[in-house]
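First up is the structure itself, then whatever we jot down about it.
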There are 2 protein chains.
Amino acid sequence: MIKNDLAELLEKKANFNRTKAVLMVETILDAIKKALLAGEKVEIRGFGSFRVVPKKSGFGRDIRRNRQIPISGGWRVKFRPGQDFKKQLKQQSIEQA
Amino acid sequence: MIKNDLAELLEKKANFNRTKAVLMVETILDAIKKALLAGEKVEIRGFGSFRVVPKKSGFGRDIRRNRQIPISGGWRVKFRPGQDFKKQLKQQSIEQA
DNA sequence: CTCAGCCAGGTCATTCTTGATCATCGCTCA
DNA sequence: TGAGCGATGATCAAGAATGACCTGGCTGAG
């Protein structure tokens with residue numbers, strides 16, 4: 001699924017032009033992005049929650065050079081699916097196991 | 001940031017009632033959720049991508065009973081921030097380090 | 001107000017992380 | 001719509017970190 005698919009959904013839900021629908025999608029995603037960049041936690045019941053956690057991880061490795069690479073540090077964005085979401089994911093596993 | 005915050009954003013972007021704006025947010029998030037449940041990958045350029053990967057994890061542990069608990073397995077939802085997103089996250093780390 | 005989500009805590013396996021590169025595909029300009 | 005552009009994915013390696021299990025209470029979303 002890509003941005004256009006989401007835009008199509010909005011077209012069906014409301015009377016938007018494709019252009020405007022895309023704008024809506026971008027608005028929401030950008031808003032979420034900005035909130036996360038602000039260090040805020042984004043929590044939507046029934047969907048999931050995004051959390052920004054400090055990256056404590058230490059080392060990576062460059063295979064070709066066979067050298068260790070210090071991880072610059074920064075923030076990590078964790079997405080955690082909601083209860084309902086997780087429940088449905090388990091059903092998926094049953095179907096596709 | 002919660003659902004209402006996103007709704008406010010949409011109110012400012014278009015001429016929605018709060019109710020309708022909330023519906024838009026839910027529509028998009030639900031669409032993403034459904035796509036993921038369908039096993040689809042959601043990839044939005046400039047934002048990030050969601051991918052559903054099979055969970056191979058094996059054991060958890062109940063501290064109180066001190067017993068091992070077999071993890072049922074299932075699917076895991078991975079969110080990966082886009083390049084731009086990650087770049088900005090690094091700047092955040094500089095500011096808050 | 002009500003119910004979902006988070007936290008903590010222990011432990012261990014899975015996973016993520018970095019980096020570089022090619023091929024692919026999302027996205028945008030015409 | 002079509003073609004081109006630039007971002008994204010997979011990978012290899014190794015080590016460090018997190019997730020998942022449960023429970024119960026508190027906080028916060030709705």
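Just so we're clear, the structure is a prediction, and the values are computed from it rather than from any experiment. Letters A, B, ... are given to chains in the order of the sequence lines, protein chains preceding strands, and every chain is numbered from 1.
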Between the protein and nucleotides 1-4 of chain C, list every N/O to N/O distance that falls short of 3.5 Å.
unit_1	atom_1	unit_2	atom_2	d
C:dA4	O4'	A:Arg45	NH1	3.0
C:dA4	N3	A:Arg45	NH1	3.4
C:dA4	N3	A:Arg45	NH2	3.2

Candidates D:dT18, C:dT28, C:dC6 - which lies nearest the side chain of A:Ser49: C:dC6
Heavy-atom check, side chain of A:Arg18 versus side chain of A:Glu8, under 4.5 Å: yes
Value in whole Å for how far the C1' atom of D:dG30 lies from CG of B:Leu23: 15 Å
Spacing of NZ belonging to B:Lys87 relative to CG belonging to A:Leu37, to within rounding of 0.5 Å: 11.5 Å
Spacing of B:Leu6 atom CG relative to D:dA29 atom C1', expressed in whole Å: 13 Å
Position toward the 5' end of DNA chain C (nearest nucleotide), B:Ile44 or A:Pro81: A:Pro81
Length of the line joining B:Asp62:CG and D:dG24:P, which is rounded to integer Å: 11 Å
C:dG5 OP1/OP2 closer than 4.0 Å to side-chain N/O of A:Arg80: no
Closest-nucleotide ordering on DNA chain C, the 5'-leading residue of A:Val77 and A:Ile2: A:Val77
Minimal non-hydrogen separation, B:Leu6 against A:Ile28, with atom names: CD2-O, 4.0 Å
Spacing of B:Arg67 atom CZ relative to C:dC12 atom C1', expressed in whole Å: 17 Å
Closest heavy-atom pair and its distance - B:Val22, B:Ala7: CG2-CB, 3.6 Å
Check ion pair A:Arg45-A:Glu43 (N to O, under 4.0 angstrom): yes
Between D:dT8 (P) and B:Phe85 (CZ): distance, integer Å: 12 Å
B:Ile69 side-chain proximity, nearest of C:dG26, C:dT15, D:dC21: D:dC21
Interatomic distance where NZ belongs to A:Lys78 and P belongs to C:dT15 [whole Å]: 16 Å
Separation of B:Met24 CE from B:Leu10 CG (nearest 0.5 Å): 8.0 Å
Rounded distance in Å - CZ (A:Phe79) to P (C:dT15): 18 Å
Residue-phosphate contact under 4.0 Å: A:Lys55 side-chain N/O, C:dT18 OP1/OP2: yes
Residue met sooner reading DNA chain D from 5', once B:Arg76 and B:Lys3 are mapped to nucleotides: B:Arg76
Atom-to-atom span, CZ of B:Phe50 to C1' of D:dG9 - whole angstrom: 17 Å
side-chain N/O B:Arg51 vs D:dA10 OP1/OP2, d < 4.0 Å: yes
Atom pair CD1 (A:Ile32) and CZ (B:Phe85), whose distance is rounded to the nearest 0.5 Å: 9.0 Å
